[in-house]
Amino acid sequence: MNDSAWPDEPTPEQVRRGWAATVSALPAGTRVTGQVVACPPFGVFLRIDDVPDALGLADIGSMPAGASLPAPGARISGEVAWHTDHNHQVRIRLSEWLDHS
């Protein structure tokens, strides 16, 4: 990800270095909010509020039934489902966002 569409995106190195702090700050079950920063076909990446070095991912399978992908810039909320250590991602189960159908 690290392109100009998300100017203050943490670098992969920052995400890696901050991983232990991210996992500590966001245990499974934690409610989070954030902003969608990218929408690949398999889900959405989000910047998690108050955890600057975290990279959140909500995949299509974790979205509410019948919902469409939120658009870039959308504010969303959900729950931390698990952590993927190999790529330092916080997996999010989405619960709501504005203008979803």
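Below, each value reflects all heavy atoms present in this structure, side chains not excepted, and no hydrogens, waters or symmetry copies.
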pair Ile76-Thr33: side-chain heavy atoms closer than 4.5 Å: no
Shortest non-hydrogen separation from Gln89 to Trp19 and the atoms involved: O-CH2, 3.3 Å
Between Arg16 and Asp85 (salt bridge meaning N to carboxylate O under 4.0 Å), is one present in this structure? no
What about Phe42 and Val37, same hydrophobic cluster or not, with Ile/Leu/Val/Met/Phe/Trp/Tyr joined at side-chain heavy-atom distances under 4.5 Å? yes
Could you grab the distance from atom CD of Gln35 to atom CZ of Arg47, nearest 0.5 Å is fine? 8.5 Å
Indicate yes or no: does Asp59 engage Arg91 in a salt bridge with an N to O separation below 4.0 Å. yes
Minimum heavy-atom separation for His83 to Pro27, with atom names? CE1-CA, 4.1 Å
Is Leu94 close to Ile92 at the side-chain level, that is, under 4.5 Å between some pair of heavy atoms? yes
For Arg75, the option from Leu46, Asp49, Val36 that meets side-chain contact (heavy atoms from CB on, under 4.5 Å): Asp49
Exam field: side chain Thr22 to backbone Gly18, donor-acceptor pair closer than 3.5 Å: yes
Under the 3.5 angstrom rule, does the side chain of Thr84 hit a backbone N or O of Asn87 as a donor-acceptor pair? no
Taking Val80 as the starting point, is it possible to reach Val51 by hopping between hydrophobic residues whose side chains are less than 4.5 Å apart? yes
